[in-house]
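By convention in this document, chain letters (A, B, ...) are assigned in the order of the sequence lines, proteins followed by strands, and residues within each chain are numbered from 1. For the numbers below, each heavy atom of this structure counts, side chains included, while hydrogens, waters and symmetry mates do not.
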Number of protein chains: 2
Amino acid sequence: MPQKRVTSLDVAKRAGVSRTTVSFVLNKTSHQQISPETVLRVQQAAEELGYVPDESARALVSRRAQSIGLIFSRPTVRISSDIFLNQVVVGLLDVVHANQMRLLLDVVEDLDEKNTYVNLVKSRRVDGIILNGPRFDEQALDYLAENDFPTVIMGSLPQSHFCSVDVDNVAAARTAVEHLIHLGHRQIACITNAQAPFTAAIHRLTGYRQALENAGLPYSADQVRFGNFDPQSGYTQMKSLLAGPVRPTAVFVASDVVAYGAISAIHEHGLSIPGDIALVGFDDVPMSNFISPSLTTIRLPATELAVKAGELLLDLIQGKPQEPCQVLLPTELIIRQSCGGKPS
Amino acid sequence: MPQKRVTSLDVAKRAGVSRTTVSFVLNKTSHQQISPETVLRVQQAAEELGYVPDESARALVSRRAQSIGLIFSRPTVRISSDIFLNQVVVGLLDVVHANQMRLLLDVVEDLDEKNTYVNLVKSRRVDGIILNGPRFDEQALDYLAENDFPTVIMGSLPQSHFCSVDVDNVAAARTAVEHLIHLGHRQIACITNAQAPFTAAIHRLTGYRQALENAGLPYSADQVRFGNFDPQSGYTQMKSLLAGPVRPTAVFVASDVVAYGAISAIHEHGLSIPGDIALVGFDDVPMSNFISPSLTTIRLPATELAVKAGELLLDLIQGKPQEPCQVLLPTELIIRQSCGGKPS
DNA sequence: ACGTGTTACTAACTCGTGTTAATTATCGCG
DNA sequence: CGCGATAATTAACACGAGTTAGTAACACGT
């Protein structure tokens, strides 16, 4: 009921100065000279009244919403199970806090919902946006590009001029498979993380292929299956592999979560890991260290990617010069038990 | 470079009317009469120009930020691994979208950072907030209560008058343990989801105790261990239980994620699940259906909780009468393999 | 011709802040 | 004592919308 909203005029009255002076003091407008005692009086008045400027009014005049938008572009089901959403949010909030800004979160499930984030931009609710997930509506992207609205993409969007942040999926996958080869495996299958239209899936498959070729091993399409983000798909595809004519001694599963399903399938066949089949995953989901056997995998630096994306975006917003706009962060092979590389 | 921001004046000019008329048409101000052809002309002009109102200006005059804040109150590490964050976000976005609002996400890690969300309120950035996690700074809560700012709490905050949404943790835990008792177990241990200060942990432990007492079984403190959110703690505490003088035939682990650690520990001891030890979890994390053995657990309706919280909050914001303000949603026992209740 | 009502619209004010240009107090110095 | 320079402060406008109160145009009845 109080509704006693404190305005800058209240502060001004209490300090016995004008509203303008209050603004100067609180925003530390440099080229203005205010006597030290006035500064003190204003600060004290503001403190006592618990004054916090109205952000709408401030945004209106300064043309800065003081917040950025994080847009996840994918179907709802895949968002609920996206293990990295948390880490992205945490990383981004770090950057956002350091710059006194706010984080607005949104999701666009379907392409025809392009308005969701274009409206965000047009209504001036955000000063920049981070797009997470590689599939986006062309029209919305064009709008962003034309108005060169500060935008950073997490993931890779082939042949676009946007700033982006990603890992080198090809190299990472190659590393994973090379590890299996070094352990002596010759019959190595692959289950991707996702269907073909997803660029990350293609890249990881490419890395798999390169590793085989570099080692002089034959690439065979019937040792490849396409996962679909969830353990269920890993289970099904692993069953399919095991039903094939030639049983692999190792599998590169391009997603830890998919790998969990594959593990179930292998165990269900009465086979042991890594005894009968070795497994390498991808992502290093927090839980991968705690399943049995613990999963050898490629660490995807999700938080770091988010931080980098946030920093890039803030630079764009502040108009700082942007030279290298397509950033690739390094991955790391985490060796655990699922390949027999290390003991318990 | 264009920076050609479209304002309502542009629309007015193009339609040959005044700015006021544009506002009336676009906001469908009911008690105003505008001729149908004017309405059409204005709508068309707005469409052609791609006009979207500036939200800061609108918020300033209407006193509505058209967005709500979702605040997670816990250390960063626990946010990165909080499997429900996604589901909460998804549920809330659903409600938010249906009401043309936006979702602002924030995190308060430490109690002295109380300002983060009080500032959100004072600066009028949000029209209401949802607090997730039971531990909050008293001062900040008092501020919300005094100004009766629209607030909904996810979780339980003993003796507060806030609206809240939660599950009945006591009853749910009781159900889980009763299931074990019905299967014939007499020696049932418990690993909590968290340390004692967390009310949910207390409640689940209480449910465990009630089930034992109702069945005439003795409660013994040395069959109880306190987990700490992560698999690591489950692993350690399970080891500790197994090192004790009397080995339990079943364990109620009040968190699936903690249970994953416990499973590792059990397997490492060369024991089988459910053959040697039966296990019931709590939460029904998406992955619990895919580990082996798949986990019998209590389903926590995270998305539904979020939706309910969002709806409550919007009612509060719109000043609708609020009768039952402490909502408890039902849980469900999901029977899988970890208790031997069902076959593969 | 004059009220009375209704319809269709608009001028002018408001929200709370940042900022420019102008105004007043203060000081140094011949 | 006076005069310019400079320090300290403020009046007034802008941002882009929503909204109240008021006006102009027209019809109708007597």
Peer 1: Under a 3.5 Å distance rule, please check whether B/Arg41 uses its side chain to pair with a backbone N or O of B/Ala15 as donor and acceptor.
Peer 2: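 Yes, because the side chain of B/Arg41 sits within donor-acceptor range (under 3.5 Å) of the backbone of B/Ala15.
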Peer 1: Taking only side-chain N and O atoms of B/Ser23, does any of them lie within less than 4.0 angstrom of OP1 or OP2 on D/dT19?
Peer 2: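 Answer is no, no contact under 4.0 Å.
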Peer 1: If you measure from CG on A/Leu105 to CG on B/Leu104, what distance do you get to the nearest 0.5 Å?
Peer 2: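 If I round to the nearest 0.5 Å, the distance is 9.5 Å.
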Peer 1: Rounded to whole angstrom units, what separation is found between the NZ atom of A/Lys122 and the P atom of D/dG16?
Peer 2: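 These atoms are roughly 16 Å apart.
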Peer 1: Check the distance between D/dC15's C1' and A/Gln66's CD and give it to me in whole angstrom.
Peer 2: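 For the pair A/Gln66 CD and D/dC15 C1', the rounded distance is 16 Å.
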Peer 1: Could you tabulate the donor-acceptor pairs under 3.5 Å formed by side-chain atoms of residues 80-93 of chain A, not counting sequence neighbours?
Peer 2:
{"residue": "A/Ser80", "atom": "OG", "partner": "A/Thr76", "partner atom": "O", "Å": "3.1"}
{"residue": "A/Ser81", "atom": "OG", "partner": "A/Val77", "partner atom": "O", "Å": "3.3"}
{"residue": "A/Asp82", "atom": "OD1", "partner": "A/Phe84", "partner atom": "N", "Å": "2.7"}
{"residue": "A/Asp82", "atom": "OD1", "partner": "A/Leu85", "partner atom": "N", "Å": "3.4"}
{"residue": "A/Asp82", "atom": "OD2", "partner": "A/Arg74", "partner atom": "NH1", "Å": "2.2"}
{"residue": "A/Asn86", "atom": "ND2", "partner": "B/Ile79", "partner atom": "O", "Å": "3.0"}
{"residue": "A/Asn86", "atom": "ND2", "partner": "B/Asp82", "partner atom": "O", "Å": "2.4"}

Peer 1: Check whether any side-chain N or O of B/Thr7 sits under 4.0 Å from OP1 or OP2 of D/dA17, and answer yes or no.
Peer 2: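 Checking B/Thr7 against D/dA17: at least one side-chain N or O falls below 4.0 Å of OP1 or OP2.
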Peer 1: Taking CG from A/Asn27 and P from C/dT20, how many angstroms apart are they, rounded to a whole number?
Peer 2: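 Result: 13 Å.
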Peer 1: Measuring from atom CD of B/Gln66 to atom OG of A/Ser123, what distance do you get when rounded to the nearest 0.5 angstrom?
Peer 2: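 With rounding to 0.5 Å, CD (B/Gln66) is 10.5 Å from OG (A/Ser123).
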Peer 1: State the CG-SG distance between B/Leu312 and B/Cys325, to the nearest 0.5 angstrom.
Peer 2: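 Answer for the CG-SG pair, B/Leu312 versus B/Cys325, is 6.0 Å.
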Peer 1: Could you give the NZ-to-C1' distance, from A/Lys28 to C/dG18, as a whole number of Å?
Peer 2: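 My rounded result for the distance is 15 Å.
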Peer 1: Look only at the side chain of B/Gln326 and the backbone of B/Phe162, and say whether a donor-acceptor pair between them is shorter than 3.5 Å.
Peer 2: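 Here the side-chain-to-backbone pair exists.
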Peer 1: Below 3.5 Å between N/O atoms, which protein atoms pair up with nucleotides 10-15 of chain C? Just atom names and distances, please.
Peer 2:
{"residue": "C/dT10", "atom": "OP2", "partner": "B/Ser18", "partner atom": "N", "Å": "2.7"}
{"residue": "C/dT10", "atom": "OP2", "partner": "B/Ser18", "partner atom": "OG", "Å": "3.0"}
{"residue": "C/dT10", "atom": "OP2", "partner": "B/Thr21", "partner atom": "OG1", "Å": "2.7"}
{"residue": "C/dA11", "atom": "N6", "partner": "B/Thr20", "partner atom": "OG1", "Å": "3.1"}

Peer 1: Between B/Phe149 and B/Lys122, is there a cation-pi geometry (under 6.0 Å to ring centre, at most 45° from the normal)?
Peer 2: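 Judged by the rule, B/Lys122 and B/Phe149 form no cation-pi pair.
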Peer 1: How close or far is atom P of D/dA7 from atom CD of A/Glu37, stated in whole angstroms?
Peer 2: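 That distance rounds to 15 Å.
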Peer 1: Please give the angle, rounded to 10 degrees, between the axes at the start and the end of the helix from C/dA1-D/dT30 to C/dG30-D/dC1, where five pairs define each axis.
Peer 2: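 The value is 70°.
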Peer 1: In whole Å, I'd like the distance from the CZ atom of A/Arg41 to the P atom of D/dT9.
Peer 2: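 One finds 7 Å between P of D/dT9 and CZ of A/Arg41, rounded.
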Peer 1: Taking atom types as modelled and ignoring hydrogens, do the side chains of A/Thr20 and A/Ser23 form a donor-acceptor contact shorter than 3.5 angstrom?
Peer 2: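 There is no such pair between these side chains.
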Peer 1: Determine the contact category for A/Thr38: base if any of its heavy atoms lies under 4.0 Å from a base atom, sugar-phosphate if only primed atoms, P, OP1 or OP2 are that close, otherwise nothing.
Peer 2: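 Sugar-phosphate, backbone atoms only, no base.
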Peer 1: D/dT19 C1' sits how many Å from B/Arg58 CZ, rounded?
Peer 2: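 Nearest whole value for this atom pair: 13 Å.
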Peer 1: Under 6.0 Å from the CD atom of B/Glu37, do we count more than 12 heavy atoms belonging to anything else shown?
Peer 2: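 For B/Glu37, atom CD is crowded (more than 12 foreign heavy atoms under 6.0 Å).
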Peer 1: So, is B/Tyr51 close to the D/dG16 phosphate, meaning a side-chain N or O under 4.0 Å from OP1 or OP2?
Peer 2: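 Checking D/dG16 against B/Tyr51, no side-chain N or O comes under 4.0 Å of OP1 or OP2.
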